Structures are given as C-alpha cells and as structure tokens.
Amino acid sequence: MVDTDVRLGLSGSDLAIRDRQFKADVARADESNLTPDASAEFRALVEAGLGDEIVVAKRFRGQDFLICHKGRIVDILTVMRDHPECQYNLISDILGLDLLGFEKEPRFEVVYSLYSIPLNQRIVIKAQVDEDDPTIDTASGVWEGAEWPEREIYDLFGISFNGHRDLRRIMMPDDWTGHPLRKDYPLGGEEVEFSHNVRDKTSTPPA
Amino acid sequence: MSVTQLATTSSPSGLTRTREIPGGIELERILDPETEQETMTINLGPQHPSTHGVLRLVLELNGETVVRCTPHIGYLHTGIEKTMENLSYYKALVLTDREDYLSNLCNNLAYCLAVEKLMQVEIPKKGQYMRVLLNELERIASHLLWLGTHALDIGAMSVFFYCWQDRDRVLEIKEHLSGVRTKTSWICPGGLRGDAPMGWMARVKEFIEYFPARIEMYETLLTNNPIWIERTRGVGVISVEDAIAFGMTGPSLRACGVNLDLRKAQPYSSYEEFDFDVAVGQHCDVYDRYRVRMEEFRQSLRICQQAWDKITAMGPKAPVRSADRKITPPPREELDTSMEALIHHFKLFTEGFHPPVGDAIGAVEGPRGEKAYYVVSDGSNKPYRARIKGPSLYNLQALPRMVEGRMVADTVAVIGSIDIVLGDIDR
C-alpha cells in the first residue's frame, strides 16, 4: 500500500481527494435500483396495489431500501408484516431522519427497519414527511412496539403521529421547547455560568 | 411530585373523586373501573435500587395488586446521538462505550460493523476472532452483573458477592488488554486498537478453565432453590405474540421459545465458524429467562475456548486490523521511515475518513438483545446521523403487559428479569 502511493508521487491531500472519488465511484457501482422482479417486497406491494406509493427502491451494500410516500404507510407496513413472502413480524427499530444537510425535499424521513424472524431477512422502509406538514400515521396498530420509538421521534424531531394512543415527550422534559435532533437545533444550548455573567445569565433553551 | 399531581396525571380511567382530608389538602382518589374500589398511586423510582438505574414507574395499586403500570424514562438522556453527529467517525466511537455501559465491546462492534459496511473494509481473520472473544467475555460480564443484582432484588444476597468477584476477573482481563476496566473502545473501525499484550491469552485461558465450576455453584445456589422457584416461576408471563409485537429481542424473547439469535441467524465477524447452541425457554416467565441466561454462560465459554484456540493457532504475528491506511493508523515503527505513513497517521487523526454517501445498519447480538447502529453518511468525516437501537427500550415497553394484574413484589422480579440498562434506553 505504502509503496504504491510513493510511486504515484501524490501528496496527502491529493490522496484524500482521489480516495474520496474512488469511494464515491465504488458506492455508485454498488448501488442499484430494485425492480419488482428482483425484490419480493416490491412485488408484494405492487400486487396489493401500492406500487405507485414507492418513490425509490434501491439496494445498497446488500441492504434493501424502499422509499415511499407517507399517505398509505400503514397499508404498506401491514403488507410487509402479513404477506407470505415478507413476514416482517419484528420491528427492529423506527428512527427519524432530518435531511436538511442533503438539501433534499421533503425534509424528513421516518425510517422503519424491519426484520423477519421466519424468513431471516431485513428491509428498510422510509416514509417521506414534509416540513410544512410534519405528520404521519402511526404504526403502533401494526406493531405494538412502535409506540415508544414514535414518541421519541415526536420528541426529538417534532413529527407527530396520527392516531397514536399516548403521544407525549419521552426523553426531554414535558415543558421543553424545540426538537433536539433536528439539524437546525444547536449543539450547545445553555450559557455556562461564571462569576462575571451570573446576573444576566438566561437559561432559556434555544427555540 | 405531590400525591395530588400524580393522581391527576395518571388516571386514564377518568374515574376520580375529590375528598377533603383534615388539614385542608384535597386528595384525588382514583377508582378502579372494574371493582369500583379506591386505588393508590405510588412512585417506584427513579432513585430506587431495584429499578436498575433511573427508571421511574408509576404504579396504580389496588391493595397489593398492580392495576396499571406507567414507565417514565428519559432521566439519563444525554443526547449521545446528537453528540455523535458532531464528532468524526473515530471520535464518535468512544461514545458507543458510554450508552449501554454494561456491554461496551458489543456496542463498539455494532458501530464498527456499520462503518465498515460503508467503507467496505475487510478485517483480518485474527481480528475477527479477537472481536468474538471480547464480545463473549463482555456477555459473561454483563450476565454476571445481571445475575447478581437480579438475585439481590429477589432476596438472595450472597449470589451478588460471588458474581461481583467473578465480574471483576473479566474486568481485570479487559484492564490487562487496554488499561481500562470497562470503556475500552478496543474494537475500532478497521479492526482492533492493538494485539493482545504478553500474558493476556494465558489469563483468558485461566478464566475459561476457572469459570465452569462457578456456573455450577450459581446453579446450586438458585436453580433448585424452592424460594427462588416460588418467586420466579409463572411470574412475568408474556405471550409469544405479544413479545414479538413489542419488538423484544435477546434472552427475554428466547425465553418465550423464539429461536432468534443474530449470531446464528445473521452471522457477523465469523460467528458462523463457531460451534455453539442457542438456549431457548418455553414458559415465557422470569424463571425461564434466568435459565436461558445461565445456559448462555456455558455457550459463551464454549465460543471463548474456540476463539482462544483459533487465535493461538494463528500466532502473534498475524494482523488484527486492516492494512487499509485510510481507516487504520500505520504501525508505530513505520512512522520513523515512511513519509506516507506519517501523512496517513496525521490525516486519520485530524480529519478522519470519508465514507461514501449512504445508509448502513450494523447489528450484533448483545447481552440484552439486538444492538443495532443505523449510520447515515453524507460523504463527510462525521456521521450525518447515528441512531442507536437499544434492545432495552423495546424490552421495557412490554413491562406493563407483564406486571399488570400481579403483585407489587413481582414487579421487581420482572424488572430484573428483562435486564434493562437505562443508558441503553435513554442514550
């Protein structure tokens, strides 16, 4: 490795740029679009008449991703759970994503990472959520375990879930303002108290 | 929080009655919707030793029976996910030790698997076996802590002292390896921070030979103990369907008879080369969760022994980390002779590395269940988003289903049996 680099005579930063371009090329080569023929999950959704809901279907590093509209997300998840070729009966995780840094529309994604115990396979379903209307239907009717992670997304991202039984903040205090995992929420919030600023210290959390 | 506030905030039944008591304070009494009897609301935690950290349960009691249980979490929320977004991949690693503070090396591995999937790095075989060995030692240490505290909660005091003694041996092994007792960060993207120091393998061997007799001793103390059986058998039962619907994983799910172990189902780090069995229960109760974990001690030791043999056969010269200089630092001796090595070293520790744009999941079977990291890269040197899936969060969610309708004293046994770590829940 070291010898090769010396022969090319590249400096450190050139190496980094070359490396980045190389990695990006590899990533593009590794990423492929899924078709209903190649993906049983995609096929199941098309069969159920939900094919139009899918925006992007791709495979990256051996992982399948289905990005879809949020409108019929509960139907999509129910198909994923019940279809004999899917059987995603275990909710591995639900998480929020704020894509502000990617400058993409819509801004938010709710990501359902699913695992099938009988078929031993994984899939990631992403539902797109607008910044103007940060709501989505709850998945707690499909898996009871979705309740707390959805509360967490509500708390930390400010996306609310229609039909949720008990939508309250879960990590932050009840009277907290703002949603800390949003990308426009600053990392440091409170001013540190010293003797010179003890009087005018305001401990209001950032909005 | 005063009793009045508690009563109003936690009465979803809506059946309340205000009563004047001497002194002019008004107390709201909650009526059990079925029996029309008065219930009492008590606070278990957050500073209660048997809740294993800062878990707070609001229990609505009718006599000694739990009518409703509402867990409140978040007391240990430290924003680890937010902090990780602002550190380079290498620096964010140390935070993974600190979320679930009893399974540090398993967390390291889950994070590294996700990052390595993005970077497409291959780890040398010896590094993979070392990761397996460390993970299994971590599982033993974590289960020992669980066994000690769980037995202490139920009233068997002496088990706690023995477990602590043995856990300390594992911590000493980790200290010998890295200089740190718990939060080693020894598993890092690209492999391990370093090879085993002199005498370390002998020490591991010593532990592998020492521990089976101790497992037998724990079993004689508890397994057939009538008091232990009385306190645990048939307690905290949850149906298989409910357990799956709640997303429970790990020993708590396997005690329900579901054979889900990611080490077998989706092998990582060469687990497919190891010969071991998955312990599965059938009664879905506290006792079966205990039996499953006791069996996991033995299976972990089997894996440790095999890993030890494989590592010893490979010799001390075999590499434990990838030769890709973009993700692992060059050996110290190269820095004196090679300009490129110096540049790589400098770039790695100042700027870090840039995984390509994309998402990756790294999942391992931790001591408590499926520990998964969901890492999103935007092509920069910091994770755009690093989500930590804590198995304890999903296991704790099922707690009300397991304790409602049972006695208060059982609640403590059930909390112990699902082996929650609040750092894992609140992050």
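Here the structure is a predicted model, which means the values were calculated and not measured.
Looking at A/Glu152 and B/Arg427, a side-chain N of the basic residue comes within less than 4.0 Å of a carboxylate O on the acidic one, giving a salt bridge. A salt bridge does not link A/Arg182 with B/Glu85: none of the charged nitrogens is closer than 4.0 Å to a carboxylate oxygen. Residues B/Asp359 and A/Arg61 are not paired through a salt bridge, judged by the lack of any N-O separation under 4.0 Å between the basic side chain and the carboxylate.
Using a 4.5 Å cut-off between heavy atoms, B/Leu262 contacts chain A through its side chain alone, with no backbone atom that close. The contact between A/Ile117 and chain B is made entirely by side chain atoms (from C-beta outward), counting heavy-atom distances below 4.5 Å. The contact between B/Met248 and chain A is made entirely by backbone atoms, counting heavy-atom distances below 4.5 Å. Interface remark: A/Ser113 contributes side-chain atoms only to the contact with chain B (heavy atom separation under 4.5 Å). Contacts of A/Val142 with chain B are absent, with no heavy-atom separation under 4.5 Å from either backbone or side chain. Residue contact with chain A, scored on non-hydrogen atoms closer than 4.5 Å, involves the side chain of B/Asn86 exclusively. With a 4.5 angstrom heavy-atom cutoff, B/Thr78 does not touch chain A via any of its atoms. With a 4.5 angstrom heavy-atom cutoff, A/Arg81 does not touch chain B via any of its atoms.
Chain B forms more heavy-atom pairs under 4.5 Å with one residue of A/Met172, A/Arg122, A/Arg169 than with any other, namely A/Arg122. Per-residue heavy-atom pair counts under 4.5 Å with chain A were compared for B/Ala245, B/Ala363, B/Ala360, B/Gly247, and the maximum is reached by B/Ala245. When the candidates B/Leu253, B/Leu76, B/Ile361, B/Asn259 are compared by the number of heavy-atom contacts under 4.5 Å with chain A, B/Ile361 comes out ahead. For the set A/Leu181, A/Asp98, A/Ile91, A/Ile94, the count of heavy-atom pairs under 4.5 angstrom toward chain B peaks at A/Leu181. The most heavy-atom pairs under 4.5 Å with chain A, out of B/Ile244, B/Asp378, B/Thr83, come from B/Ile244.
Using a 4.5 Å heavy-atom threshold, the side chains of B/Val357 and A/Phe60 count as separate.
No donor-acceptor pair under 3.5 Å is formed between the side chain of B/Arg387 and the backbone N or O of A/Leu95. In this structure a side-chain-to-backbone donor-acceptor pair under 3.5 Å is present from B/Lys389 to A/Ser92. The backbone N or O of B/Asp242 sits nowhere less than 3.5 Å from a side-chain atom of A/Glu144 that would complete a donor-acceptor pair. The backbone N or O of A/Leu99 lies less than 3.5 Å from no partner atom in the side chain of B/Arg385, so there is not a single donor-acceptor pair. A donor-acceptor pair under 3.5 Å is formed between the side chain of B/Gln397 and the backbone N or O of A/Trp148. Using modelled atom types, one side-chain atom of A/Lys183 and one backbone atom of B/Tyr384 make a donor-acceptor pair closer than 3.5 Å.
A distance of 4.5 Å separates OH of A/Tyr115 from CD of B/Gln266, quoted to the nearest 0.5 Å. Between the CG atom of A/Asp93 and the CD atom of B/Glu370 there is a distance of 8.0 Å, given to the nearest 0.5 Å. The line from CD1 of B/Ile73 to CE of A/Met171 is 4.0 Å long, rounded to the nearest 0.5 Å. The CG atom of A/Leu90 lies 7.0 Å from the OG1 atom of B/Thr249; values are rounded to the nearest 0.5 Å.
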Test log, rule salt bridge (charged side-chain N to carboxylate O under 4.0 Å, His left out), inputs B/Arg401 and A/Glu147: CA-CA 14 Å; B/Arg401 187 65 51 86; A/Glu147 215 168 271; over 6 Å; no
Full working for side-chain contact (heavy atoms from CB on, under 4.5 Å) between B/Leu260 and A/Asn120: CA-CA 9 Å; B/Leu260 171 63; A/Asn120 186 21; over 6 Å; no
Take A/Leu156 and B/His77, measure what side-chain contact (heavy atoms from CB on, under 4.5 Å) needs, and give me the verdict at the end. CA-CA 11 Å; A/Leu156 302 178; B/His77 180 63; 4.2 Å; yes
From CA spacing to verdict: side-chain contact (heavy atoms from CB on, under 4.5 Å), A/Val111, B/Tyr374: CA-CA 10 Å; A/Val111 183; B/Tyr374 190 104; 3.8 Å; yes
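Atom CZ of B/Phe346 sits in a sparse spot, with 12 or fewer heavy atoms from other residues, nucleotides or ligands closer than 6.0 Å. Atom CG of A/Asp52 sits in a sparse spot, with 12 or fewer heavy atoms from other residues, nucleotides or ligands closer than 6.0 Å.
Across every non-hydrogen atom of A/Pro149 and B/Tyr394, the tightest pair is CG-OH, 3.3 Å.
In this view, A/Glu150 and A/Thr138 satisfy the side-chain hydrogen bond (donor to acceptor under 3.5 Å, both in side chains) rule, not counting sequence neighbours.
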